[in-house]
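So that the names make sense, note that chain A is the first sequence line, chain B the second, and so on, each numbered from 1.
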2 protein chains.
Amino acid sequence: MAKSKVYRLGDLQLRIMQILWQRAEAAVVEVHQALAGEGDWAYTTIATMLRKMEARGLVRHRLHERKFLYRPGVQAEEVTRKISTHFIDRLFEGSLADMIAHLLTTRQISREELTRLKALIAERKKKL
Amino acid sequence: MAKSKVYRLGDLQLRIMQILWQRAEAAVVEVHQALAGEGDWAYTTIATMLRKMEARGLVRHRLHERKFLYRPGVQAEEVTRKISTHFIDRLFEGSLADMIAHLLTTRQISREELTRLKALIAERKKKL
DNA sequence: GAGGTAATACTACTACGGTAGTAACGTCAA
DNA sequence: TTGACGTTACTACCGTAGTAGTATTACCTC
């Protein structure tokens, strides 16, 4: 079914999904406007993309006052999870800890964020 | 330049890169054999892929005893970093802490791994 | 009812990952 | 010297993200 390769969402498709998750429902023109400033896609590009995404089950639409109102066909949670899993599998053989370890040592992070993570880990540990 | 869209490596291309990073240099037949068990790609598929990757600057080759020996044209570090950055940008607006926070709460992780991460965070904090 | 307008539908194209068959070529053994 | 074999080169195809022009449709206004 449509949800099988959700982790392969392209950049534009993902941005469109994020806008729909945010607004629950949006006409093509709204999606187009929401994306202005990030790039100058033609209106028809967004419309075409939405139609293609609907064919894949990523979004649905209903007619309202002569416009298509699109809404998400997949949940943000599911997509985030699948993309993340695919990413961790590809680069870190599926190990979340390896991934975090690697990124912690190669990327910038502030003292505040580290403190927050420390608390989060303590919290997580309690639940085990 | 070739390195510009390294974060868009496909699954097969990434696997090939990983094999080359591991071995430093490998003939087509070795790459093909290394991938056996993960899927049954035709030998010519691997050869074609390597040629396409060389056109993108991802790998290089030299002739040795009638065989092409391929070696990486980009460093593992760079590719890992770019793919990771792209991933974090796409899903977590560039925030490493947000990403970790999210994955910590949605994925399985063992007590041992949490302990390891805790130590890692303490270590990281020292260096700030 | 004739335009203008705004929306979707249709069509077409590029780029590229993945896939692999077939052709060509050079070496080595019988 | 010929034929098998291993290797690379060439070619072709599919799927899909991205891109957008043009056609069509239907309403709304004058």
Colleague: From the set dG21(D), dG21(C), dA17(D), return the single nucleotide nearest to any side-chain atom of Thr44(A).
Modeller: dG21(D)
Colleague: Over how many whole Å does the gap from Tyr7(A) atom OH to dT16(D) atom P extend?
Modeller: 12 Å
Colleague: Students often get this wrong, so: under 4.0 angstrom with heavy atoms, is Val29(A) touching a base, only sugar-phosphate, or nothing?
Modeller: nothing
Colleague: To the nearest Å, give me how far apart NZ (Lys52(A)) and C1' (dG15(D)) are.
Modeller: 10 Å
Colleague: Using the six-membered ring wherever Trp is involved, compare the ring planes of His61(B) and Tyr70(B) and label them parallel, tilted or perpendicular (cut-offs 30° and 60°).
Modeller: tilted
Colleague: Taking the minimum atom-to-atom distance to the side chain of Asp11(A), which one of dG17(C), dG18(D), dA17(D) wins?
Modeller: dG18(D)
Colleague: Which label fits Tyr43(A) and His32(A): parallel for a plane angle under 30°, tilted from 30 to 60°, or perpendicular past 60°?
Modeller: perpendicular
Colleague: Could you state the CZ-C1' distance from Arg56(A) to dG18(D), rounded to the nearest angstrom?
Modeller: 13 Å
Colleague: Would one find a side-chain N or O of Trp41(B) under 4.0 angstrom from OP1 or OP2 of dT19(C)?
Modeller: yes
Colleague: State whether Arg66(A) places a side-chain N or O below 4.0 Å from either non-bridging phosphate oxygen (OP1 or OP2) of dT5(C).
Modeller: no
Colleague: Starting at atom NE2 of His64(B), determine the distance to atom P of dT7(D), rounded to an integer number of angstrom.
Modeller: 13 Å
Colleague: Can you check the Leu35(B) CG to dG18(C) P distance for me, whole Å?
Modeller: 11 Å
Colleague: Considering only side-chain heavy atoms of Met49(A), which listed nucleotide, dG17(C), dG18(D), dA9(C), is closest?
Modeller: dG18(D)
Colleague: Nearest heavy atom decides the nucleotide; on that basis, is Lys67(B) or Leu12(A) closer to the 5' end of DNA chain D?
Modeller: Lys67(B)
Colleague: According to a strict under-4.0 Å criterion, is Arg8(A) in side-chain N/O contact with OP1 or OP2 of dG15(D)?
Modeller: no
Colleague: Starting at atom CD of Gln13(B), determine the distance to atom C1' of dG18(C), rounded to an integer number of angstrom.
Modeller: 9 Å
Colleague: Going by an N to O cut-off under 4.0 Å, is there a salt bridge joining Glu78(B) and Lys82(B)?
Modeller: yes
Colleague: Does dA20(D) have OP1 or OP2 under 4.0 Å away from a side-chain N or O of Thr45(A)?
Modeller: yes
Colleague: Give a yes or no on whether the backbone of Leu35(A) and the side-chain of Glu38(A) come within a donor-acceptor separation of less than 3.5 Å.
Modeller: no
Colleague: Would you tell me if any nitrogen or oxygen in the side chain of Tyr43(B) comes within less than 4.0 Å of OP1 or OP2 on dT8(D)?
Modeller: yes
Colleague: Give, for atom CD1 of Ile16(A) and atom CE of Met53(A), the distance between the pair rounded to the nearest 0.5 Å.
Modeller: 5.0 Å
Colleague: Kindly point out which of dT8(C), dA17(D), dT11(D) is positioned nearest to the side chain of Phe68(A)?
Modeller: dT8(C)
Colleague: Just the rounded figure in Å: distance from P of dT7(D) to CD of Glu54(B).
Modeller: 17 Å
Colleague: Between dA23(D) atom P and Arg51(A) atom CZ, what is the distance in whole Å?
Modeller: 16 Å
Colleague: Does Ala47(B) reach a base, just sugar-phosphate, or nothing at all? Heavy atoms under 4.0 Å.
Modeller: nothing
